[in-house]
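One structure is given here, and the rest of the page talks about it.
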Amino acid sequence: MRVEDFILKNYNSGIESGLVKWESPSNIALVKYWGKKENQIPENPSISFTLSNCKTITELTFTKKQNKEFSFDVYFEGDKNEAFKPKIQTFFDRIEAYMPFLRDYHFKIETSNTFPHSSGIASSASGMSALSLCLMSIERLLSEEKVSDEVFNQKASFLARLGSGSACRSIEGELVIWGENESFPDGSDLYGVKYTDDIHPNFKNYQDTILLVDKGEKQVSSTVGHKLMYGHPFAKQRFTQAHDNLGKLKTILASGNLDEFIKIVESEALTLHAMMMTSMPYFILMKPNTLQIINKIWAYREKTNSKICFTLDAGANVHVLYPEVEKENILEFINNELVSYCENGHYICDQIGFGANQIEI
Ligand code: PMV
């Protein structure tokens, strides 16, 4: 699909009002997206596990109006929220060309997360994907053409990307690729693509326990973070490395070789942070407790031969990844040895998931 193919051409805005609702998960990247070109085009391909329990639930009510200004209200966990409005306004500005009906309606956006507010977990991926799916459901109601579920998901992912890059990987599961690359010819810079190659049973119900080391606001927003890759001294090598790692991961996902999986995943996490430490200005987003946890995970792996590993996003929290067969042992290890490094002892148990769901109302 090309950009032009996402423009809605024929629609009937005769419908006066309606209500749609979706729940959409967060995702955790294995090969990280860090650096973008104009129009939210990634500098390198990425791949993620879709999560299951960390979700945003969004209800969108639309009512026909006369004037042609954008008009919307946002409610977060029941309360009117002004803080989210600028981000949604920017999102509407970016997607208007593809959804011309946006100015015909007033929207009431009611949203909530299953994970605690200010947990340090970014809700942009789940939030932007849930909102995009709601808008797609409205488009489906107004459109004069029938669209397949495949095209529906593709456009939802295309829109979500314009809200927050990594959000394009939250529409489907269990793994999603985003970005053109040599290993997956279907990969696109415009939207995420469901991973359809072989996945070894070792990865079935793969676990992700998120250790909340720092629940505060992100020190570096991803908008600022991606910009740090402009003129970064190691940018070119990093983008090449991401392509290589994606190719290696394809082989690993098919073979189930968890030792090799660990190498790629941990190296990607540390490279992401290394990019931040070597940019200008530079940042250290890990906290002392992040390093304590990493060292404990390495010691546990050495001692027990476990296939536990970690990944990080652009913050201090640690995603602990492991096969389902190790669940009991690793939760015991987390409770005994890692909880003390978490803010207020908090962590969230999640696992690989299957993507967003429409909620009937
Ligand atoms: O989607 P953004 O612009 O918030 O960027 C997310 C970047 C990382 O979470 C650090 C990596 C990734 O691929 O999700």
Side-chain angles (χ1 to χ4, degrees), residues 24-51 54 56 84 87-88 90-91 94 115 119-132 157-171 173 175-179 181 187 189-193 195 208 210 214 217-230 232 235 238-239 241-243 245-246 249 264-277 279 283-286 290 310-319 321 350 352:
S24 189
S26 188
N27 67 74
I28 180 70
L30 304 173
V31 172
K32 308 288 180 183
Y33 150 58
W34 199 241
K36 63 179 168 188
K37 301 177 199 162
E38 246 188 305
N39 300 325
Q40 303 274 98
I41 298 299
E43 286 277 14
N44 66 261
S46 57
I47 182 168
S48 49
F49 275 155
T50 304
L51 294 181
C54 290
T56 296
F84 289 160
K87 202 163 179 195
I88 295 174
T90 306
F91 177 54
R94 286 184 189 157
F115 46 90
S119 56
I121 299 187
S123 57
S124 57
S126 52
M128 283 299 174
S129 54
L131 181 56
S132 301
S157 175
F158 173 86
L159 298 171
R161 184 194 102 244
L162 294 170
S164 169
S166 59
C168 77
R169 299 188 313 239
S170 275
I171 307 292
L175 284 137
V176 176
I177 299 168
W178 171 37
N181 69 90
D189 284 348
L190 301 178
Y191 47 85
V193 177
Y195 190 93
D208 179 4
I210 309 163
D214 182 8
E217 280 282 305
K218 276 190 177 182
Q219 193 186 328
V220 182
S221 72
S222 35
T223 312
V224 171
H226 292 291
K227 283 196 185 131
L228 297 173
M229 292 306 279
Y230 285 127
H232 191 290
R238 161 59 197 152
F239 301 143
Q241 180 198 42
H243 281 264
N245 281 344
L246 188 60
L249 210 50
I264 301 281
V265 169
E266 293 191 346
S267 161
E268 275 289 322
L270 294 177
T271 301
L272 169 71
H273 283 257
M275 289 299 114
M276 274 178 267
M277 287 192 244
S279 47
F283 297 94
I284 300 181
L285 301 187
M286 288 185 274
T290 312
F310 71 87
T311 187
L312 309 164
D313 58 19
N317 296 336
V318 182
H319 288 250
L321 303 180
D350 211 334
I352 200 166

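Read the numbers this way: they start at 1 and go in the same order the structure lists the ligands and their atoms.
- Judged as a ring pair (Phe, Tyr, Trp, His ring centres under 6.0 Å), and not counting sequence neighbours, Phe239 has no contacts.
- Protein heavy atom closest to atom 3 (O) of ligand 1, with residue, atom name and distance, is His226 NE2, 2.9 Å.
- Of the protein's non-hydrogen atoms, Arg169 NH2, 2.8 Å is the one closest to atom 14 (O) of ligand 1.
- Of the N or O atoms in Ser46, none lie within a sub-3.5 Å distance of an N or O in ligand 1.
- Of the options Pro45, Ser166, Ala269, the smallest heavy-atom separation from atom 1 (O) of ligand 1 is shown by Ser166.
- By the 3.5 Å distance cut-off applied to N or O atoms, Ser222 is counted among the residues near ligand 1.
- Figure legend: Arg161 and Phe158 shown as a cation-pi pair, the cationic atom lying under 6.0 angstrom from the six-membered ring centre and within 45 degrees of its axis.
- Side-chain contact check for Phe115 versus Ile210: every heavy-atom pair is 4.5 Å or farther apart.
- No more than 12 heavy atoms of other residues, nucleotides or ligands sit less than 6.0 Å from atom CD1 of Ile284.
- Atoms of ligand 1 lying under 4.0 Å from any heavy atom of Gly165, numbered from 1 in the order shown and given with element: 1 (O).
- Under the side chain to side chain donor-acceptor pair (under 3.5 Å) criterion, Thr56 pairs with Asn113, Ser126, not counting sequence neighbours.
- With ligand atoms numbered from 1 in the order given, ligand 1 contributes 1 (O), 2 (P), 4 (O) to contacts under 4.0 Å with heavy atoms of Ser164.
- Residue Tyr33 has at least one N or O atom closer than 3.5 Å to an N or O atom of ligand 1.
- Close contacts of ligand 1 with Ala29, meaning ligand atoms under 4.0 Å from a residue heavy atom, involve 12 (C), 13 (O), 14 (O).
- Within the 4.5 Å cutoff, the side chain of Met128 has heavy atoms near those of the Lys87 side chain.
- The minimum heavy-atom distance linking Pro42 with Asp189 is given by the pair CD-O, 3.6 Å.
- Among all non-hydrogen protein atoms, the one lying nearest atom 9 (O) of ligand 1 is Asp313 CB, 4.0 Å.
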